[in-house]
Every structure is written in structure tokens, then in C-alpha cells.
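A quick write-up on the structure given underneath.
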Amino acid sequence: QVRLVESGGGLVQAGGSLRLSCATSGRTFRGYAMGWFRQAPGKERAFVAGVNWNGDTIYYADSGKGRFTISRDNAKNTVYLEMNSLKPEDTAVYYCAADGRHFQPTSPPTRANEYDYWGQGAKVTVSS
């Protein structure tokens, strides 16, 4: 059974930091793109960041540029999202995703329908 399990969410004050982790199991995603999305209450799921299979191509949504950092450790089958200078508008459920269909892509997808594996989500709440 393929699983993506997020951890590291929680409550933080504005200006604070959180590090989300996404551990994968059940199959390898070492040659595949991984991404983070978020969904705020009443809003659609939105792209946050994506990393290609070897980490040398990374995309960020404008909302997180300069504040968020995505990384992956293929030896640990884990992808991370470091979030700094958090704002109340970053409050959302954050989802880890994997594109298990395209081997060694040059760039990560940015649309949710391009990912076929999802975690259960980690809630992040940023208080003002």
C-alpha cells in the first residue's frame, strides 16, 4: 500500500517557522517529482512548491517565494517544506503529493491533477 504521511503541522504565531515532512512508503518515488499543496477553508487546493526527481529544479508559488523551501532526501524517502516568516494567510491544510507516472521529469508539475498520490494533510494554523 502506497502511503504519504505528513507531519510537523501545528499552531504558530505570525513570523514563526514550521517544517513539514512527508514520508513515503509502499513504493519508491526517488525518480519522480514531489510537491506540496495547501487548501484553506472555503478555497481550492493550491500549489505551494514542487521539486523534480533529483532536486535540481524547484518551483514555488508566488505566495511562498523567499519564505518557503522545499527539499527532498531520497535516501530517506522524505520530502520537506520549510516555512519561515509565516503569515495568518498561510493557514491551511498542507498536502504532500507525488507524481508517480513520469519517471525522471525535468521539472515538477504545478497542477494538482498532475499528481496521483496524496497524503492525508497536515493542518497549519498561523495566529496573528
Side-chain angles (χ1 to χ4, degrees):
Q1 181 182 5
V2 177
R3 297 187 67 197
L4 282 66
V5 180
E6 301 96 337
S7 60
L11 173 65
V12 64
Q13 288 188 331
S17 299
L18 282 175
R19 187 194 196 202
L20 302 181
S21 299
C22 173
T24 68
S25 61
R27 62 161 283 180
T28 181
F29 291 105
R30 295 186 181 187
Y32 299 86
M34 301 285 296
W36 287 94
F37 287 74
R38 69 185 184 184
Q39 188 165 17
K43 296 188 176 181
E44 294 186 352
R45 193 168 297 191
F47 174 76
V48 175
V51 57
N52 77 329
W53 68 281
N54 63 358
D56 67 357
T57 302
I58 289 174
Y59 292 157
Y60 294 101
D62 289 343
S63 58
K65 283 181 181 176
R67 302 187 299 125
F68 293 179
T69 302
I70 187 172
S71 61
R72 66 188 298 165
D73 185 338
N74 285 335
K76 295 183 178 180
N77 298 313
T78 301
V79 64
Y80 305 95
L81 184 69
E82 182 79 31
M83 303 185 292
N84 298 311
S85 302
L86 282 162
K87 307 173 183 179
E89 51 263 44
D90 294 318
T91 295
V93 177
Y94 284 72
Y95 296 91
C96 172
D99 173 12
R101 291 169 291 189
H102 301 99
F103 185 63
Q104 295 186 350
T106 55
S107 60
T110 59
R111 295 180 296 183
N113 62 8
E114 295 177 289
Y115 290 87
D116 52 346
Y117 293 95
W118 292 86
Q120 82 288 349
K123 187 173 183 180
V124 171
T125 303
V126 184
S127 64
S128 57

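The first residue of the sequence shown is numbered 1, and numbering continues consecutively from there. Scope of the values below: all heavy atoms of this structure, side chains included, with no hydrogens, waters or symmetry mates. Predicted model only: the values in this text are computed from it and were never measured.
- Annotation: side chain of Val48 is not in contact with side chain of Met83 (no heavy-atom distance under 4.5 Å).
- Distance check: Ser128 OG to Glu89 CD gives 10.0 Å after rounding to the nearest 0.5 Å.
- Minimum heavy-atom separation, Gly9 to Val124: CA-CG2, 4.2 Å.
- When every heavy atom of Glu6 is checked against every heavy atom of Tyr95, the shortest pair comes out as OE2-CA, 3.4 Å.
- With hydrophobic clusters built from ILVMFWY side chains whose heavy atoms lie under 4.5 angstrom apart, Phe37 shares a cluster with Tyr59.
- When the salt bridge (Lys or Arg N to Asp or Glu O under 4.0 Å) test is applied to Lys65, the partners found at least two apart in sequence or on another chain are Asp62.
- A side chain to side chain donor-acceptor pair (under 3.5 Å) check over residues 13-25, counting only residues at least two apart or in different chains, returns the pairs Ser17-Asn84.
- The distance from atom CG of Asn74 to atom CG of Asn54, rounded to the nearest 0.5 Å, is 8.5 Å.
- Taking hydrophobic clusters as Ile, Leu, Val, Met, Phe, Trp and Tyr residues chained together by side-chain heavy-atom distances below 4.5 Å, Tyr117 shares a cluster with Leu20.
- Counting only heavy atoms from C-beta outward, the side chains of Thr69 and Tyr60 approach each other to under 4.5 Å.
- Under the 4.5 Å side-chain contact rule for hydrophobic residues, Tyr94 and Trp118 do not share a cluster.
- Within 6.0 Å of atom CZ in Arg3, 12 or fewer heavy atoms from other residues, nucleotides or ligands are found, so the atom counts as exposed in its surroundings.
- Residues Trp36 and Val79 approach most closely at CZ2-O, 3.8 Å, considering heavy atoms.
- Within the model, atoms CZ of Arg45 and CG of Asn113 stand 12.0 Å from one another, a figure rounded to the nearest 0.5 Å.
- Side-chain contact between His102 and Pro109 is absent, with no heavy atoms from C-beta onward closer than 4.5 Å.
- Side-chain contact check for Tyr115 versus Cys96: every heavy-atom pair is 4.5 Å or farther apart.
- Closest of all the heavy-atom pairs between Arg67 and Asp90 is NH1-OD2, 2.7 Å.
- Within the 3.5 Å criterion, the main-chain N or O of Thr106 finds a donor-acceptor partner in the side chain of Thr57.
- Residues Val12 and Thr125 fail the side-chain proximity criterion, which asks for heavy atoms closer than 4.5 Å.
- Under the salt bridge (Lys or Arg N to Asp or Glu O under 4.0 Å) criterion, Asp73 pairs with no residue, sequence neighbours left out.
- The heavy-atom pair separating Val93 from Gly121 by the smallest distance is CG1-CA, 3.8 Å.
- Both tests pass for Arg27 against the ring of Tyr32: distance under 6.0 Å to the centre and angle within 45° of the axis.
- In this structure, Arg72 contributes its side chain and Asn52 its backbone to a donor-acceptor pair below 3.5 Å.
- Closest of all the heavy-atom pairs between Pro88 and Ala14 is CD-CB, 4.1 Å.
- Cluster membership check: Val5 does not share its hydrophobic cluster with Phe29, using side-chain heavy-atom separations under 4.5 Å among Ile, Leu, Val, Met, Phe, Trp and Tyr.
- Counting only heavy atoms from C-beta outward, the side chains of Leu86 and Phe68 approach each other to under 4.5 Å.
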